[in-house]
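To keep things clear, I will list the structure first and then write my remarks on it.
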Protein chains: 2
Amino acid sequence: MATLRDVAVAAGVSPATASRALSAPDTVSTARRHRVIEAAERLGYQPNRSAQALASGQSGHVGLVLPDLANPSFAAIAKGVQAQARGSRNSVLIADTDEDARAEREIVRDLQANVDGLVLCSPRMPEEQIRECAAAGPLVLVNREVEGLPSVTFDSAAGVTQALQHLRALGHRHVAYVGGPTSSWSDAHRRRALGSVDGVEVTDVGSHRPVHQGGVAAADLALETGATAVLCYNDLIALGVMSRLRARGVTVPDDISVVGFDDIGAASYVSPMLTTVAIPLTRAGHEATTMLEQLRSDGTDGHPVRLPVELVVRESTSPHASTAPLT
Amino acid sequence: MATLRDVAVAAGVSPATASRALSAPDTVSTARRHRVIEAAERLGYQPNRSAQALASGQSGHVGLVLPDLANPSFAAIAKGVQAQARGSRNSVLIADTDEDARAEREIVRDLQANVDGLVLCSPRMPEEQIRECAAAGPLVLVNREVEGLPSVTFDSAAGVTQALQHLRALGHRHVAYVGGPTSSWSDAHRRRALGSVDGVEVTDVGSHRPVHQGGVAAADLALETGATAVLCYNDLIALGVMSRLRARGVTVPDDISVVGFDDIGAASYVSPMLTTVAIPLTRAGHEATTMLEQLRSDGTDGHPVRLPVELVVRESTSPHASTAPLT
DNA sequence: GTGAAAGCGCTAACAA
DNA sequence: TTGTTAGCGCTTTCAC
């Protein structure tokens, strides 16, 4: 493997000049710069990142911590982070905490020691720990807000309102809400908007695991409330609710309407296709990474950013029977 | 940030001893080892990976190259790689090539210069390029075989056979096969088993994009063949086929049976639940990473490993009407 | 078993 | 603009 020294020798310049020619081109005379670049290409020179990191104090790595890569929502965020990072010639060190809260703190510590900045997606880490992490290095939160720390979240309260308004417009007056993990920031945030629409009564049927199975468990509870529509913490739950409803002979949307959150791929694969609040996950990954880069350069503090969401009306919602428009 | 030097001073030993105490414990006397470890913990010492890498020539990073993180199958592989790598105190540098074949070669080159080994998941990179990559450093292929290179694949030919046998047992005699990308190794591998079951005629309806939309496009073609069942390259396609069939008023499984490949989450979320060939994606990630570690230590060549697959019968397949068992 | 010393490949003052 | 000189923090001979 060719080193920078080799390139310098081949180009007939000092290592320092070679270094400059490659990483700060305009500080070097045109002629020499060309010679260096040419030599680098000819030798197939690849900079040694470890050496660069050691010498410059910048690893060129962005850390990404996620609860579960296999969850399509997190994977989408990862994709965004990845794309944006590569755009600025950074690479991504990824850590899946496997929903293990205990390991998480340690994983973050470990990672943080070796990256320039961290994108942290940890719905459940105690706020106090998050602050500790933030003190240890540049960090941007995704899908969670902590006072004073930079974050990228979704305006899902607005999403809840949109969903509720949509349901009201369809004649629904009583909606059941199937919540996500109690300790999650986004669930708390959504719950706050539950009373935001006049004329719609919302019954909370509690917290459920944000997976398909959580939805099947919640479906019976939702049915029991007598609500004519159910709004779910996420699509996985919504899909679970729909499965269970179908199994019990309840038809969606004729008997009951269902709304999800996230707009994962599966939402459009099922029948009826799921009406859901789409949240720009991949964009959040972009945004967080950009913010991280700014944090590091400008040294600014970074405001929380709240990305807009959008209700996507598909087939799982329809006019409530008893108030259906007469045709 | 405390350095190893700080730890050494605090423990009253030389940096060399401190280094040994931490990374080769049994080469140091018990007493000193304890002193060093204690000091390290007290100071919150975190080794600087870049320095370790530079000095030892080992980055402690495993590279992972994938076509698309947002694709649940690849995300599952990533999860496996990640878990296994952490188990051996390595971290994962991830690169999503975004299905961009041109960028891919460069991404790999770049990554390869800075990792100890690479897990490469690239269904479409030309074989010759793959060999180049393999020459540049330790590398394990996932879901693809190249003569002489270590790889982890799935015995999906056996999966095709299982699926076909299942369909034959249900009375199907004519099956349509909806293929994946022409240039993909796994599609070629599956196609080879299409004629493996006597009494079942398989009509190939061509290559399709391995996404939902690809399936909806293929559904009409499959129908046109007059086949009573359709076997798909993957679940996304199968789901697309089912959507389209439903839209055309064709009922699954009563009118036509559908079988997928992969067993992604969505396969169990839809109705009817998809019968599919489950492939151990996450395990493949584990396996590939383990293999990579062996490659590096033993220096062995690494045999190709072919993981078993399993047909999961759900609701999208049923006896063919005209030959249905009489009840 | 332990320490001193020499780098790993690069960047960043500082001089020239 | 360029070269010289020091390291970055760690591992690893090599003596002791």
Side-chain angles (χ1 to χ4, degrees), chain A residues 1-37 39-40 43-61 89-91 110 112-116 137 296-297, chain B residues 1-37 39-40 43-61 89-91 110 112-116 137 296-297:
Chain A
M1 184 97 276
T3 76
L4 184 57
R5 231 192 113 103
D6 300 330
V7 174
V9 170
V13 301
S14 76
T17 301
S19 173
R20 290 182 192 112
L22 263 13
S23 47
D26 16 283
T27 65
V28 166
S29 72
T30 324
R32 291 182 190 235
R33 180 180 39 208
H34 286 329
R35 293 227 307 280
V36 170
I37 291 176
L43 300 180
Y45 170 69
Q46 291 283 119
N48 181 323
R49 295 266 199 159
S50 304
Q52 287 183 312
L54 186 56
S56 70
Q58 307 250 304
S59 67
H61 295 322
R89 328 220 81 258
N90 275 131
S91 34
D110 202 58
Q112 215 166 11
N114 298 289
V115 298
D116 296 335
R296 292 204 292 128
S297 52
Chain B
M1 187 94 275
T3 75
L4 185 59
R5 232 193 111 103
D6 300 331
V7 174
V9 170
V13 301
S14 74
T17 301
S19 173
R20 292 183 190 110
L22 263 13
S23 46
D26 17 283
T27 65
V28 166
S29 72
T30 323
R32 292 186 186 226
R33 180 181 34 200
H34 286 329
R35 293 229 307 281
V36 171
I37 291 175
L43 300 180
Y45 169 69
Q46 291 283 120
N48 180 324
R49 295 265 199 160
S50 304
Q52 286 183 312
L54 187 55
S56 69
Q58 306 250 301
S59 68
H61 295 322
R89 327 219 84 257
N90 276 129
S91 32
D110 202 57
Q112 215 166 11
N114 298 289
V115 299
D116 296 336
R296 293 204 289 127
S297 53

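To find a chain, count down the sequence lines: A is the first, B the second, and so on, and within it residues start at 1.
At whole-Å resolution of the value, CG in Asn48(A) and P in dG9(C) are 7 Å apart. dC10(C) atom P lies 9 Å from atom CG of Leu54(B), rounded to whole Å. Rounded to whole Å, atom P of dG9(C) lies 20 Å from atom CZ of Arg49(B). Computed from coordinates, the Gln46(B) CD to dC10(D) C1' distance equals 15 Å when rounded to whole Å. If you measure from atom CD of Gln58(A) to atom C1' of dG9(D), you get 16 Å, rounded to the nearest angstrom. A straight line from CD of Gln52(A) to P of dG9(D) spans 17 Å, rounded to a whole angstrom. To the nearest angstrom, P of dG9(C) lies 9 Å from CG of Asp6(A). Rounded to an integer number of Å, the gap from NE2 of His34(B) to C1' of dG1(C) is 15 Å.
A sub-4.0 Å separation between OP1 or OP2 of dG3(C) and a side-chain N or O of Arg32(B) is present. Dashed line: the shortest gap from a side-chain N or O of Ser14(B) to OP1 or OP2 of dG3(C) is under 4.0 Å. In terms of phosphate contacts, Ser19(A) brings no side-chain nitrogen or oxygen within less than 4.0 Å of OP1 or OP2 of dA12(C). At dT1(D), none of the side-chain N or O atoms of Thr27(A) fall inside 4.0 Å of OP1 or OP2 (strictly under the cut-off).
Of all non-hydrogen atoms in Ser50(B) and Ala53(A), the two that sit nearest each other are OG-CB, 3.2 Å. Between Arg33(B) and Pro25(B) the shortest heavy-atom distance is NH1-O, 3.2 Å. Across all their heavy atoms, Leu43(B) and Ala2(B) have their closest contact at O-CB, 3.8 Å.
Comparing Ser50(A) and Val28(B) against DNA chain C, the residue whose closest nucleotide sits nearer the 5' end is Val28(B).
Which of dT2(C), dG9(D), dT11(C) sits closest to the side chain of Thr17(B) comes down to dT2(C). Here the nucleotide nearest the side chain of Ser23(A), chosen from dC10(C), dG3(D), dT11(C), is dT11(C). Set against dA4(C), dG9(D), dG3(D), the side chain of Ala16(B) has dA4(C) as its closest nucleotide. Relative to the side chain of Ala55(A), the nucleotides dT11(D), dG1(C), dT11(C) differ in distance, and dT11(C) lies closest. In this structure, of dC10(C), dG9(C), dG3(D), it is dC10(C) that holds the atom nearest to the side chain of Leu4(A). Taking every side-chain heavy atom of Ser56(B) into account, dT11(D) is the closest of dT11(D), dG3(D), dC10(C).
The base of dG3(C) sits with one of its N or O atoms less than 3.5 Å from a complementary donor or acceptor on the side chain of Arg20(B). The base of dT11(D) lies outside donor-acceptor range of the side chain of Arg5(B), with no N or O pair under 3.5 Å.
Partner Thr17(B) forms a side-chain contact (heavy atoms from CB on, under 4.5 Å) with one of Ser14(B), Pro15(B), Ser19(B) and no other, that one being Ser14(B). The side-chain contact (heavy atoms from CB on, under 4.5 Å) test with Tyr45(A) singles out one residue from Asp6(A), Ile37(A), Leu22(A), and that residue is Leu22(A).
Listed for the Arg20(A) side chain is no donor-acceptor partner under 3.5 Å among the backbone atoms of Val28(A).
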